[in-house]
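To keep things clear, I will list the structure first and then write my remarks on it.
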Amino acid sequence: MPSLKDLRNRIASVKATQKITKAMQMVAAAKLRRAQAAAEAARPYAERMTTVLANVAAGVAGQADGPRLLAGTGANQTHLMIVCTAERGLCGAFNSSIARLARDHALALKREGKTVKILCVGKKGYDLLRRQFAADIIELIELRSVRQIGFTEADAIGRKVLALFAEGGFDVATLFYAKFRSVIQQIPTAQQIIPAEVPARAADAPSVIYEYEPDEAAILDDLLPRNVSVQILSALLENVASEMGAKMSAMDNATRNAGEMIKKYTLRYNRTRQAMITKELIEIISGAEAL
Amino acid sequence: MAESFNFELVSPERLLLSEQVAQVVVPGAEGEFTVLKNHAPFMSTIKPGVVTVTPASGAPQRYFVRGGFADVSESGLTILAEQAVPVDSLDGAMIAQQIRNAEEDLADARDDASRTAAATKLAQLRDVAAALGH
């Protein structure tokens, strides 16, 4: 049976923890609003990009010597996995669910006898994957010092990926991140970015004859590398929003748990206190009666 | 006043402009061109420069864009810019910074192709700086 002092100390420490989780929840809520706005603001660009790409790609479809970023290298041997996670923990299952998806994907590829290379963006994913895939991880990119993720950061990663592709480092690149649905739902997603997945144009869409300046090949050469960066950017922005959402609900849970714990301990504290008072009274009364 | 059409100016970070406009002048890679309503479907890369937008009513607005695409389709004109800033909020320091970056790129360029690309970009940026009077 813990003494009164022990209980008092324990209540005080849980209260302090609750204050911290509450503060973290509020910070996450404020950051979530900003991250969500950024992710939504970036959506139109990615959407227009896909439409434009579909238009141009339809024009060159069927040509044997299309650009390699669109048609692929012809091989399917080496896979690059770009695993985007958060830099910090304390956000529920956010990091581990992305890492789990990536791990399953990597293991499936290895069973088929393929080579896997992993590029980690964000420290947490690296921590989770390095035990099993230490030999496959080629680089870790940390974005800890970046306050607001913008096109510059995504473009830097994109260039790195493209440089690796140009020297024949891999055949297929897949991007792993969590899509933001709502505060309580983030969906770990795998998206292939090289060769580019082009949505088939709707059958009833009018096929217009475009004029190109300079020409189709030059535009595609410019468009495809940029598409890679844009896809990475939208993945990173979705990821930030998801992280904040996951953190907010995790911290909300923690705050609620701490509240319940405080309630339980306070009840126990009061019961112990009353039992002691009763015991003292009985001692006094029985002492008086004995006289 | 000419008939208006739908115009969208998008940068990776946000949608800058989406409205009905009468005319847009775009700095295409192979020369400036003007888009009016019912322009034939057309796609072009753009060079660093100034996009002049004339709304259906009101004064023309100018935006500085750096690289990207212009896509003219039946639904209107879409500009996907790598970077887009209203000219009013642009200051000389920013252009100077970009020129410095381009100069560094030129100095760092190893092969002929990238050297030519960097030199072209630098020349275009200097043109813009001159045009804006910075």
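Chain A is the first sequence line, chain B the second, and so forth, proteins listed ahead of strands; every chain is numbered from 1. Everything quoted here is computed from the prediction, not taken from an experiment.
Residue Ile149(A) does not touch chain B at all, counting heavy-atom pairs closer than 4.5 Å. For a residue to count as touching a neighbouring chain, one of its non-hydrogen atoms must lie under 4.5 Å from one of that chain's; by this rule Thr78(B) touches chain A with the side chain only. Interface remark: Ala70(B) contributes no atoms to any contact with chain A (heavy atom separation under 4.5 Å). Within the 4.5 angstrom heavy-atom criterion, only backbone atoms of Ser11(B) (N, CA, C, O) approach chain A. Interface remark: Gln83(B) contributes no atoms to any contact with chain A (heavy atom separation under 4.5 Å).
In this structure Ala41(A) satisfies the side-chain contact (heavy atoms from CB on, under 4.5 Å) test together with Arg14(B), sequence neighbours excluded.
The two residues Ala81(B) and Tyr45(A) come nearest to each other via the heavy atoms O-CE1, 3.5 Å. Shown here for Arg48(A) and Leu80(B), the closest heavy-atom pair between the two residues is CB-CD2, 3.4 Å. Of all heavy-atom pairs spanning Phe69(B) and Ile219(A), the tightest one is CE2-CG2, 3.7 Å.
For residues 165-186 of chain A, an interface with chain B (any heavy-atom pair closer than 4.5 Å) does not exist.
The distance from atom CZ of Arg226(A) to atom CD of Glu82(B), rounded to the nearest 0.5 Å, is 4.5 Å.
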